[in-house]
Amino acid sequence: MPVDRSTSACGFPGLTAVTGRRGQGERSMAALFRGSRNVWLRWNKHVDFAFVSTRSMASKTPVGFVGLGNMGSPMATNLLKNGYPVIATDVFPESCKELQDMGAQVVDSPADVAERADRIITMLPSSPNVVEVYTGPNGILKKVKKGTLLIDSSTIDPAVSKEMAVAAEKMGAVFMDAPVSGGVGAASMGKLTFMVGGVEEEYNAAQELLTSMGANVVYCGQVGTGQAAKICNNMLLAIGMIGTAETMNLGIRLGLDPKLLAKILNMSSGRCWSSDIYNPVPGVMEGVPSANNYQGGFGTTLMAKDLGLAQNTATSTKTPILLGSLAHQIYRVMCSRGYANKDFSSVFQFLREEEGQ
């Protein structure tokens with residue numbers, strides 16, 4: 001087993017770093033610290049022990065981040081704020097500038113990220129993007145180091161997550177799916193919910209990073225179960241948003257003040273996230289996309305994509321999703337009617353325009 005007695009990745013001269021193939025008892029120093037909240041180290045003959053928390057040690061080791069879009073950028077920013085050096089890349093170089101100004105190192109490709117970091121988070125728009133970033137000519141798996149922890153927070157087909165896990169395992173790395181819920185606002189505030197699927201023994205390692213970006217981290221089971229949970233959540237979210245938009249629109253046509261109606265709904269049995277936290281009617285709430293011409297937030301295109309994933313998995317499992325299928329069709333129509341880049345709560349505006357109002 002090769003041993004490097006130079007300055008370790010944790011920044012402590014003299015600590016031994018063990019490297020080698022995962023699964024054979026040989027792990028990188030970063031991997032050795034995973035899964036333990038506290039580590040006691042014998043320092044030297046003058047000091048019996050030095051106590052160092054896992055977080056402070058791990059923070060000395062760079063974290064790779066691929067995908068700096070509306071969600072990825074604030075997630076990577078929170079890693080920096082929590083003391084993690086970040087090595088990042090994005091297909092659009094201009095997306096990297098703000099993070100670079102904050103101290104992140106920007107490189108040219110996912111392969112370059114993998115060459116420099118043994119913990120990598122990806123946040124990408126769709127399954128094809130994930131496949132390209134991991135297995136493409138300049139993908140992560142071209143230069144991934146053995147023992148690397150790969151965490152994908154994209155929302156994709158569970159089958160693709162399983163494929164990436166197999167491909168990563170062949171390279172001696174570990175892949176976990178960890179899609180998120182909460183939207184851009186929660187990403188900015190570090191209050192996302194992560195749904196994690198993967199090898200349970202690696203969950204603590206993933207949790208240590210994800211708690212820097214989210215308020216809730218939930219282990220769901222083996223690879224793909226995180227995606228399954230996310231797809232189910234977003235299908236309900238879409239159905240709830242359409243229901244809220246229809247309800248608000250009906251109440252307004254009946255002469256009710258929208259703020260009053262929202263207040264009544266939110267103290268009654270109809271209350272839901274879409275009515276209480278993310279109301280789709282302009283003027284009812286501040287700080288939500290409906291108050292900003294439906295800019296920002298979670299795009300209609302992405303919602304249509306996630307509902308398509310739900311439709312595909314429902315078909316493959318022979319599961320009836322009557323309202324889910326209808327929601328999918330509504331958001332697909334919206335994409336063709338100029339709402340593709342607006343927040344998904346713009347379904348309220350879509351309904352109003354369908355009435356000719």
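Any value given below was found using the heavy atoms of this structure, including those in side chains, with hydrogens, waters and symmetry copies removed. Numbers here simply count residues along the sequence, with the first being 1.
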inquiry  = Once you measure the plane-to-plane angle for Tyr278 and Trp273, does it fall in the parallel (<30°), tilted (30-60°) or perpendicular (>60°) bin?
reply    = parallel

query = With distance as the sole criterion, is a donor-acceptor pair present between the side chains of Ser161 and Asp177 under 3.5 Å?
reply = no

request  = Check for a donor-acceptor pair, side chain of Ser274 on one end and backbone N or O of Asn279 on the other, with a separation under 3.5 Å.
outcome  = no

remark   = Contacts satisfying ring-ring contact (aromatic ring centres under 6.0 Å, His included) that involve residues 161-186 (not counting sequence neighbours) are Tyr134-Phe175

task = Could you walk me through whether Val217 and Tyr203 pass the side chain to side chain contact (heavy atoms under 4.5 Å, CB included) test, one step at a time?
result = CA-CA 10 Å; Val217 183; Tyr203 172 64; 3.6 Å; yes

request  = For the pair Asp343 (side chain) and Ser345 (backbone), establish whether a donor and an acceptor sit closer than 3.5 Å, ignoring hydrogens and angles.
outcome  = yes

query = Residues two or more places apart in sequence or in another chain: which of them pass salt bridge (charged side-chain N to carboxylate O under 4.0 Å, His left out) with Lys259?
reply = none

message = Under a 3.5 Å threshold, yes or no: a donor from one side chain and an acceptor from the other, between Asn312 and Thr315?
response = no

key: Candidates Leu210, Val196, Val199 - the one meeting side-chain contact (heavy atoms from CB on, under 4.5 Å) with Met176   = Val196

request  = Scan side-chain atoms only and decide if Thr300 and Lys342 contain a donor-acceptor pair under the 3.5 Å cut-off.
outcome  = no

Selection residues 312-341 - residue pairs positive for salt bridge (Lys or Arg N to Asp or Glu O under 4.0 Å), sequence neighbours left out = Arg337-Glu354

query = Are the side chain of Asn78 and the backbone N or O of Pro74 linked by a donor-acceptor pair below 3.5 Å?
reply = yes

key: By side chain to side chain donor-acceptor pair (under 3.5 Å) - contacts of Ser126 (at least two apart)   = Asn129

query = Does Ala178 offer a backbone N or O that forms a donor-acceptor pair with the side chain of Asp152 under 3.5 Å?
reply = no

ask   = Under a 4.5 Å cut-off applied to non-hydrogen side-chain atoms, are Met75 and Leu192 in contact?
value = yes

request  = Using salt bridge (charged side-chain N to carboxylate O under 4.0 Å, His left out) as the criterion, list what pairs up with Arg116, not counting sequence neighbours.
outcome  = none

query = Taking the side chain as C-beta and beyond, is there a heavy-atom pair between Tyr339 and Tyr294 under 4.5 Å?
reply = no

ask   = Taking Asp306 for the side chain and Ile231 for the main chain, is one N or O donor matched with an acceptor at less than 3.5 Å?
value = no

ask   = Does Tyr219 reach the main-chain N or O of Gly198 with its side chain, forming a donor-acceptor pair under 3.5 Å?
value = yes

key: Residues forming a salt bridge (charged side-chain N to carboxylate O under 4.0 Å, His left out) with Glu115, sequence neighbours excluded   = Lys143

message = For the backbone of Val184 and the side chain of Ser188, can you confirm whether one donor and one acceptor N or O come within less than 3.5 Å of each other?
response = yes

message = Using a strict threshold of under 4.0 Å (side-chain N to carboxylate O), is an ion pair present between Asp118 and Lys145?
response = no

key: Flag for Asn266-Ser275: side-chain donor and acceptor within less than 3.5 Å   = yes

Heavy-atom donor-acceptor pair, Gln295 side chain to Asn293 backbone, under 3.5 Å = yes

message = Minimum heavy-atom separation for Val113 and Gly64, please, with both atom names.
response = CG1-CA, 3.5 Å

